[in-house]
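In what follows, chains carry the letters A, B, and so on, assigned in the order in which the sequence lines appear, proteins first and then strands, with residues in each chain numbered from 1. Note that the coordinates shown come from a computational prediction; the quantities given were computed from them, not determined experimentally.
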Number of protein chains: 2
Amino acid sequence: MDVHSRDLRYFVAVAQELHFTRAAEALFVSQPALSKQIRMLERTLGAPLFERDRREVRLTAVGAALLPHARRVLEQWEQAVHAVAAARAALDGRLVVGMSTGPGRGGMLPAIRSRLTAEYPDAQLVLRQVDWADPSAGLVDGSSDVAFLWLPQPEARRLRWLVVAEEPRLVALPETHRLAGCEVVEFAELLDEPFLALPGSAGVLRDYWLAVDQRGGREPLVGAEISGVDETYEALVGGQGVCLLGAGNAPLLTRGGVVTRPVRGLSPSRFALAWRADDTRPLVHAFARAAQAAGCRPPAA
Amino acid sequence: MDVHSRDLRYFVAVAQELHFTRAAEALFVSQPALSKQIRMLERTLGAPLFERDRREVRLTAVGAALLPHARRVLEQWEQAVHAVAAARAALDGRLVVGMSTGPGRGGMLPAIRSRLTAEYPDAQLVLRQVDWADPSAGLVDGSSDVAFLWLPQPEARRLRWLVVAEEPRLVALPETHRLAGCEVVEFAELLDEPFLALPGSAGVLRDYWLAVDQRGGREPLVGAEISGVDETYEALVGGQGVCLLGAGNAPLLTRGGVVTRPVRGLSPSRFALAWRADDTRPLVHAFARAAQAAGCRPPAA
DNA sequence: CTTCCGTGATAACCATGGGCTATGGATGTG
DNA sequence: CACATCCATAGCCCATGGTTATCACGGAAG
């Protein structure tokens with residue numbers, strides 16, 4: 001049985017809004033077009049997905065069963081598109097640089113870029129911000145060729161990396177927080193705080209930023225899941241929780257209303273430049289060499 | 001960017017056959033239609049997926065990047081369709097019974113069914129054989145309501161179960177195998193054999209049937225991955241490896257050319273009837289009660 | 001060299017799908 | 001009662017995806 005991904009988008013939009021007219025606006029189509037497509041989808045699936053009352057729209061049991069799957073299919077397809085884009089870029093000698101957070105740190109990227117262009121004058125770098133749901137910043141699914149990411153990595157065996165920076169973990173707090181006044185925070189003070197966590201798909205990296213190994217077996221309290229910098233900022237000022245971050249990322253979050261403080265009792269974090277272990281393309285290795293020349297260091301192991 | 005799943009099916013078919021005419025036959029469409037759709041897909045992705053020579057068809061780098069993603073998208077959609085089917089069945093008082101292997105064991109299923117119909121005369125059971133890539137036999141993704149499966153389960157916390165049978169693990173061997181003559185096989189004798197393994201997605205269950213905890217840290221040798229009974233039989237007679245199985249499943253594999261032998265040094269396996277922990281539907285619980293009445297036992301824990 | 005076969009591409013055609021605007025009917029609200 | 005809101009329907013139009021017939025090319029055979 002076939003579908004058009006558009007129909008799934010439509011379905012997800014209506015399921016989110018529970019309102020045809022608003023969903024149609026969000027999708028930039030007319031309301032009748034949306035109604036018709038949803039009906040078509042219901043017909044091919046052989047069951048109604050929504051109960052339309054004059055006054056409200058509700059998901060049926062079948063619709064509720066479909067929703068998470070529809071989201072997953074759309075997400076998978078998005079990844080596929082990214083992978084194709086990366087492969088296409090590689091053909092023209094462009095390298096897709098995935099970033100879970102920007103490398104920053106005083107011109108790390110320009111330093112690498114200038115060294116790389118010395119060797120490959122035609123090389124172009126395509127920068128891509130990757131959702132934190134993918135801890136490998138697109139390396140594993142092929143949507144980037146090299147990536148700036150945080151250690152530890154769930155799929156460590158498939159990757160190689162150089163450590164860009166080893167830096168203490170700070171805690172980010174809303175400035176109204178009871179601990180915002182402290183110069184330094186003890187991690188023990190944070191045990192009962194709700195934390196902002198990476199999505200479950202981040203695996204060990206999620207645990208790392210929740211510092212679960214410093215909690216003596218007690219489950220962390222998760223206030224919200226975050227998959228990007230702006231979400232994190234909003235969640236912080238919204239008081240949904242606090243979160244740890246590498247010192248080098250402090251500038252990303254210290255906008256109005258948020259403060260960052262050193263934390264005592266935590267190991268330092270490691271930020272790395274990584275690529276796929278099985279990637280033999282010269283441009284990738286040239287990038288790694290350029291990074292090493294710019295001061296990145298091979299892992300101790 | 002949108003796609004029709006049909007286009008992905010077409011792409012995967014051509015990528016497998018590397019031949020437009022044959023792929024078109026397999027897909028039951030005309031060859032021009034297939035050519036046209038592939039061209040359309042290439043146009044929307046902005047890059048050629050195949051290099052067509054007069055004499056042969058090859059995947060381009062972009063095509064190779066797309067292929068695994070396309071497969072995954074199709075697979076996800078298939079799961080979605082199953083989930084919808086299960087939800088639809090539930091509306092009419094039908095219960096989808098997932099089976100990683102058939103329950104067998106002397107009329108276990110009829111015994112449950114007759115007890116269930118005593119309580120719910122209108123209940124109907126829909127049996128569904130589920131690919132071994134999903135160790136939960138469709139419970140986790142919603143495509144079955146109750147399931148016969150093997151313990152241990154990767155997502156154990158999301159499931160509840162009754163133990164249907166606790167039975168020794170046997171080894172299945174091609175009858176030409178050097179150990180086929182033994183009455184009983186020591187597990188130590190099997191350490192250097194290539195094994196047939198469940199797909200990686202089976203998680204701890206894969207490890208369990210490879211008996212990794214009995215190997216003293218040495219990596220098992222995997223001769224092939226199997227995701228169904230027939231594949232397993234073929235792999236056995238093809239000499240790709242040996243495999244462990246629960247005693248109650250021996251009848252499934254002991255066709256010509258394959259023998260099963262008890263193994264000394266392994267804990268017994270546990271076959272269970274499971275359902276989702278958060279499933280509150282009465283019919284599901286009635287099924288579980290019927291199973292218990294038919295002799296299934298709650299787990300010791 | 002010519003002929004023929006197998007391959008994928010192209011052309012011409014047709015039914016359907018998916019979009020639009022306009023409108024209808026039901027349900028609350030002033 | 002008039003009106004606003006909201007989803008469904010009707011009628012229209014063009015792009016899409018399918019068909020059959022045919023072409024263009026390369027290799028194999030006569």
Side-chain angles (χ1 to χ4, degrees), chain A residues 1-60 62-64 66-67 70 73-74 77 81, chain B residues 1-60 62-64 66-67 70 73-74 77 81:
Chain A
M1 176 167 330
D2 280 320
V3 236
H4 200 111
S5 66
R6 179 197 41 240
D7 294 350
L8 295 182
R9 282 195 296 114
Y10 286 6
F11 166 67
V12 169
V14 176
Q16 256 170 8
E17 299 280 351
L18 292 178
H19 197 290
F20 278 72
T21 310
R22 274 203 301 278
E25 276 170 27
L27 293 166
F28 299 103
V29 293
S30 68
Q31 168 266 316
L34 181 58
S35 280
K36 197 155 127 184
Q37 287 310 97
I38 294 288
R39 276 205 139 24
M40 200 68 79
L41 184 59
E42 288 175 323
R43 201 168 53 79
T44 70
L45 291 175
L49 299 170
F50 298 99
E51 277 180 67
R52 296 89 151 157
D53 194 284
R54 287 288 158 213
R55 210 75 221 128
E56 64 174 349
V57 174
R58 289 182 309 283
L59 268 177
T60 63
V62 176
L66 177 59
L67 184 55
V73 170
L74 290 174
W77 173 241
V81 171
Chain B
M1 176 165 336
D2 279 320
V3 235
H4 200 109
S5 67
R6 180 196 41 236
D7 294 351
L8 295 182
R9 282 195 297 113
Y10 286 7
F11 166 67
V12 170
V14 175
Q16 255 170 8
E17 298 281 351
L18 291 178
H19 196 292
F20 278 73
T21 309
R22 274 203 300 277
E25 277 171 26
L27 294 166
F28 300 102
V29 294
S30 67
Q31 169 265 316
L34 181 57
S35 280
K36 198 153 120 185
Q37 287 310 95
I38 295 287
R39 278 206 133 35
M40 201 68 78
L41 185 60
E42 289 175 323
R43 203 168 54 78
T44 70
L45 291 175
L49 299 170
F50 298 99
E51 277 179 64
R52 296 90 150 153
D53 194 283
R54 285 283 157 215
R55 210 74 221 130
E56 64 173 350
V57 173
R58 290 182 308 283
L59 268 178
T60 62
V62 176
L66 177 60
L67 183 55
V73 170
L74 290 174
W77 174 240
V81 171

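A 4.5 Å side-chain heavy-atom check between B:Thr60 and B:Glu42 finds every atom pair outside the cut-off. You'll find the side chain of A:Val3 stays beyond 4.5 Å of the side chain of A:Met1, heavy atoms only. Side chains of B:Val73 and B:Ser5 form no contact here, defined as non-hydrogen atoms less than 4.5 Å apart. Using a 4.5 Å heavy-atom threshold, the side chains of B:Leu41 and B:Leu49 count as touching.
With the end axes of the helix from C:dC1-D:dG30 to C:dG30-D:dC1 each set by five pairs, the angle from one to the other reads 0° at 10° resolution.
Rounding to the nearest 0.5 Å places NE2 of B:His4 at 13.0 Å from OG1 of B:Thr44. Summarising the geometry, atom CE belonging to A:Met40 is positioned 6.5 Å from atom NZ belonging to A:Lys36; distances are rounded to the nearest 0.5 Å.
Taking 4.0 angstrom as the limit, B:Arg39 places none of its side-chain polar atoms (N or O) nearer than this to OP1 or OP2 of C:dG8.
Summarising the geometry, the separation between CG on A:Leu41 and C1' on C:dG18 is reported as 14 Å, rounded to the nearest angstrom. To the nearest angstrom, P of C:dT16 lies 12 Å from CE of A:Met40. Straight-line distance from the CD atom of B:Glu56 to the C1' atom of C:dT7: 13 Å, rounded to whole Å. Atom C1' of nucleotide C:dT16 and atom CD of B:Gln37 are separated by 14 Å, given to the nearest angstrom. Nucleotide C:dG19 holds its P atom 10 Å from the CG atom of A:Leu27, rounded to whole Å.
Sorted by first and then second residue, the side-chain hydrogen bond (donor to acceptor under 3.5 Å, both in side chains) pairs with a member in residues 24-34 of chain B read B:Gln31-B:Ser35; sequence neighbours excluded.
Residue order along DNA chain C, read from the 5' end via each residue's closest nucleotide, puts B:Arg22 first among B:Arg22 and B:Lys36.
Here the shortest heavy-atom pairing between A:Val57 and A:His19 reads CB-N, 4.5 Å. Nearest heavy atom pair, residue A:Leu18 against residue A:Leu59, reads CD2-N, 4.2 Å. When all heavy atoms of A:Ala23 and A:Leu34 are compared, the pair lying nearest together is CB-CD2, 3.8 Å.
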For residues 7-17 of chain B, run the donor-acceptor check on the side chains, cut-off 3.5 Å, and write out each pair with its distance to 0.1 Å, sequence neighbours left out.
residue, atom, partner, partner atom, Å
B:Asp7, OD1, B:Gln37, NE2, 3.1
B:Arg9, NE, A:Asp2, OD1, 3.0
B:Arg9, NE, A:Asp2, OD2, 3.4
B:Arg9, NH2, A:Asp2, OD2, 2.5

Can you pull every protein N or O that's under 3.5 Å from an N or O on nucleotides 21-25 of chain C?
none

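Across residues 2-11 of chain B, not one residue has a non-hydrogen atom less than 4.0 Å from an atom of DNA chain C.
Interface limits on DNA chain D: the 5'-most and 3'-most nucleotides within less than 4.0 Å of chain B heavy atoms are D:dG17 to D:dG27.
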